[in-house]
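Read through the structure below, which is laid out as structure tokens, and then see the notes.
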Amino acid sequence: MRNTSIRVRLTIWYGGGLALIMILFASALYLVMSRALQDQIDVSLEDAAVAAARSLEEHRFGPFLLLDDLAQAFPELALLDKFFQIFGPQGQITLQSANIKTQDIPLSEQAKRSALKSQATYESVRVHNEIPIRLLSYPINHGDTLVNILRVGTSLRPVEEMLDRLVFVLLIGSPLAVLVSVLGGWFLAGRALRPVDTITHTAQRIAAGDLTQRLQTTSTDEIGRLASTFNDMIARLEASIRQIRQFSADASHELRTPLTIIKGETELALRKDRQSEVYREVLESNLEEIDRMSRIVDELLFLSRADLGEIKIAKDPVQLDQLVQEIHHQAMVLGKERDINPVLGHLEPTTIVGDELRLRELLLNIVDNAIKYSQEKGTIEISLEHANGMANISVKDHGIGISPEEQTVIFNRFFRSDTARAHAQKGTGLGLAICKWIAETHQGNIRVESSPGKGSRFIISLPLHGQV
Ligand code: ADP
């Protein structure tokens with residue numbers, strides 16, 4: 001059953017359920033009909049018995065009842081195929097109607113006993129084991145004395161015939177109804193499940209590698225919603241695969257550049273014998289490139305571990321104002337070479353919860369960029385202020401700036417603007433991606449305001465009362 005298609009299973013359940021309902025319905029109908037027909041017969045027997053009893057009383061219970069009189073008084077009795085028998089109180093037959101077709105049916109002991117208690121008795125019997133007859137034995141009393149027992153009977157054959165016809169109709173009709181409904185159910189299940197087949201085929205094409213495939217969705221029903229969810233999922237999958245491909249291409253490119261430099265310089269140096277200073281120079285340059293490559297590999301490793309959720313973030317109190325002050329000191333050392341002057345602005349005393357080492361890495365990266373992308377003798381302003389429950393650290397430079405289009409992508413891995421490449425050779429394009437990850441894992445964010453050629457301002461917001 002588990003491997004059977006939903007369509008077959010639905011149809012089996014549907015057909016099975018319907019068959020069960022039909023069986024229950026047919027049985028109930030048969031029972032109700034037979035009960036109603038028998039009740040109808042019993043009522044007509046009683047009516048006839050009451051009428052006949054009244055007639056007998058009018059004739060003063062004498063044995064002179066003329067059947068012709070009776071038939072005349074109730075002409076419908078003969079038509080209705082009823083017969084009468086009148087028994088004495090001991091059960092001996094005294095009179096019976098002419099239309100009785102069978103031999104005498106003796107009064108049952110049960111009927112006699114009930115008659116003595118002034119109770120009528122209904123019985124169903126079969127004459128010669130074939131003709132079904134319904135009998136009503138009706139006591140006729142004079143005062144407290146049982147004078148006669150009047151028995152009215154009628155054949156149950158019409159009832160049986162009607163019930164047989166009903167059974168026939170039900171036996172033919174019910175399976176037919178089930179068959180028609182099962183065919184209808186099979187057709188409807190097929191129609192309802194057709195979009196699922198389409199989804200499956202598209203999914204197979206996607207699984208085979210074609211991520212550009214999308215499902216056609218026009219409806220907003222369950223299948224329509226499934227299809228649009230599926231489309232969204234594939235779109236995200238396509239975007240992340242594109243990102244991964246881009247990322248691998250960028251990573252190889254970034255690693256190949258220093259390798260090409262190392263290879264080129266080494267080959268050039270080896271082309272002829274040179275003085276030892278030349279070799280030293282080449283080795284020093286190679287070491288620089290190797291350092292750059294190690295940085296790229298380290299940062300890549302950090303980001304991929306971060307993606308996998310393998311990097312744990314400490315949740316310790318961090319004296320942020322003190323940290324900013326220390327970073328300012330480091331900035332003064334870093335900026336010395338290019339005569340850049342880091343200035344400390346307003347410094348609000350601040351404690352947050354977080355990982356001091358990671359926050360130091362974040363701030364150092366931002367300050368390092370500010371120095372790197374500043375013009376010589378430039379100024380950098382660093383400050384720490386509070387606003388809306390956040391601690392905002394601002395690092396402002398007056399350097400090359402970032403164009404509005406580039407502001408949206410600088411946090412992407414390996415992005416380096418052409419201006420930045422021309423301005424500073426060093427750099428991996430991974431620093432800001434790491435900064436963004438650190439800020440966001442602290443439930444904060446990082447953003448930039450900048451004008452090309454005028455300078456940039458990076459703002460790192462961290463929650464004052466937040467939990468990492
Ligand atoms: P990089 O190692 O190249 O500095 P980052 O991820 O730190 O890598 O920065 C990505 C890019 O963002 C840089 O290449 C540069 O184009 C731009 N950028 C970052 N900081 C600044 C800044 N202070 N001024 C101008 N451009 C910046």
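Basis for what follows: all heavy atoms, side chains included, without hydrogens, waters or symmetry-related copies. Just follow the structure's listing: the first ligand is 1, and inside any ligand the first atom is 1.
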Exercise for the section: Could you walk me through whether D210 and Q213 pass the side-chain hydrogen bond (donor to acceptor under 3.5 Å, both in side chains) test, one step at a time? Expected result: CA-CA 6 Å; D210 185 1; Q213 291 283 332; 3.1 Å; yes
Practice task
Could you tell me whether E238 and R214 have a side-chain N and a carboxylate O separated by less than 4.0 Å?
Solution key: yes
Exercise for the section: Sort out the contact shell of ligand 1: every protein residue with a heavy-atom distance below 4.0 Å, listed by chain and number. Expected result: N369, A370, K372, Y373, D397, I400, G401, I402, I410, F415, R416, S417, A420, G427, T428, G429, L430, G431, L432, S456, F458
Practice task
Could you tell me which residues satisfy ring pair (Phe, Tyr, Trp, His ring centres under 6.0 Å) with Y373, sequence neighbours excluded, listed by chain and number?
Solution key: none
Exercise for the section: Using the test ring pair (Phe, Tyr, Trp, His ring centres under 6.0 Å), find all partners of F247 that sit at least two apart in sequence or belong to another chain. Expected result: F414
Fill in the blank from the handout: For F302, the ring pair (Phe, Tyr, Trp, His ring centres under 6.0 Å) test, sequence neighbours excluded, returns W437
Practice task
Take S394 and R457, measure what side-chain hydrogen bond (donor to acceptor under 3.5 Å, both in side chains) needs, and give me the verdict at the end.
Solution key: CA-CA 7 Å; S394 155; R457 181 173 173 229; 2.9 Å; yes
